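Since the model is a prediction, treat every value here as computed from it, not as a measurement. By convention here, the first residue in the shown sequence is residue 1.
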Amino acid sequence: MGDLDHTASPVFQGISVEAVDSLYGHGRIASYDAGHSLFERGKEANELMILQEGLVELLFPLQIIGVTRDITMEAKQVGDVVAWSALVS
């Protein structure tokens, strides 16, 4: 995957490099094709994700005059955390 320094993500701010390395030992690296849905709004989040490469768009369904379309609420970039709710579920 990318060359991201995994300790640089904001979620690990103030945590020692050794502790972050230990946490990474419990994780996994996954790759997804463009357009793949990582999770669905309202579903239980079980994994905290840190984006190492690419872009993730967080979509929200918006209904106007009976037509529903997904709009981008937020875009996540390399180093950003996706699925924060996994920390509280």
Side-chain angles (χ1 to χ4, degrees):
M1 297 298 291
D3 293 327
L4 176 70
D5 172 7
H6 61 272
T7 62
S9 181
V11 74
F12 298 125
Q13 205 168 36
I15 300 175
S16 72
V17 172
E18 294 78 17
V20 174
D21 285 343
S22 176
L23 287 171
Y24 259 68
H26 296 283
R28 63 184 176 91
I29 295 176
S31 181
Y32 302 97
D33 293 331
H36 178 83
S37 180
L38 298 176
F39 54 86
E40 294 180 34
R41 189 172 67 92
K43 301 283 183 170
E44 184 177 343
N46 297 315
E47 297 178 313
L48 177 74
M49 299 173 221
I50 299 171
L51 190 59
Q52 291 188 312
E53 193 174 286
L55 175 76
V56 170
E57 292 182 329
L58 302 178
L59 304 175
F60 185 80
L62 179 65
Q63 186 174 26
I64 300 175
I65 313 173
V67 177
T68 302
R69 294 205 173 133
D70 287 333
I71 61 162
T72 301
M73 275 184 41
E74 189 175 356
K76 298 292 190 171
Q77 300 177 17
V78 172
D80 287 343
V81 174
V82 180
W84 278 102
S85 57
L87 294 174
V88 294
S89 62

Checklist entry - side-chain contact (heavy atoms from CB on, under 4.5 Å) between Q52 and V78: does it pass, once the steps are laid out? => result CA-CA 5 Å; Q52 291 188 312; V78 172; 5.8 Å; no
Next on the checklist: I need the full list of side-chain hydrogen bond (donor to acceptor under 3.5 Å, both in side chains) pairs touching residues 72-82, with sequence neighbours left out, sorted by first then second residue.
Outcome noted: E74-K76
Checklist entry - Given the rule in the side-chain contact (heavy atoms from CB on, under 4.5 Å) test, do M73 and L59 qualify, once you have shown the distances and angles that lead to the verdict? => result CA-CA 6 Å; M73 275 184 41; L59 304 175; over 6 Å; no
Item to check | By salt bridge (Lys or Arg N to Asp or Glu O under 4.0 Å) - contacts of E47 (at least two apart) | outcome: R28
Checklist entry - Sequence neighbours excluded, which residues qualify as salt bridge (Lys or Arg N to Asp or Glu O under 4.0 Å) partners of R69? => result none
Checklist entry - What's the spacing between D21 CG and I15 CD1 if we round to 0.5 Å? => result 11.5 Å
Checklist entry - Are L58 and I71 connected in a single hydrophobic cluster, I mean Ile/Leu/Val/Met/Phe/Trp/Tyr linked by side-chain heavy atoms less than 4.5 Å apart? => result no
Checklist outcome for this item: By side-chain contact (heavy atoms from CB on, under 4.5 Å), L23 pairs with (sequence neighbours left out) F12
Checklist entry - Which residue pairs pass the ring-ring contact (aromatic ring centres under 6.0 Å, His included) test with at least one member in residues 36-56, sequence neighbours excluded? => result Y32-H36
Checklist entry - Do I50 and V82 have side-chain heavy atoms sitting under 4.5 Å apart? => result no
Checklist entry - Which heavy-atom pair separates P61 from T68 by the least distance, and what is that distance? => result CB-CG2, 3.9 Å
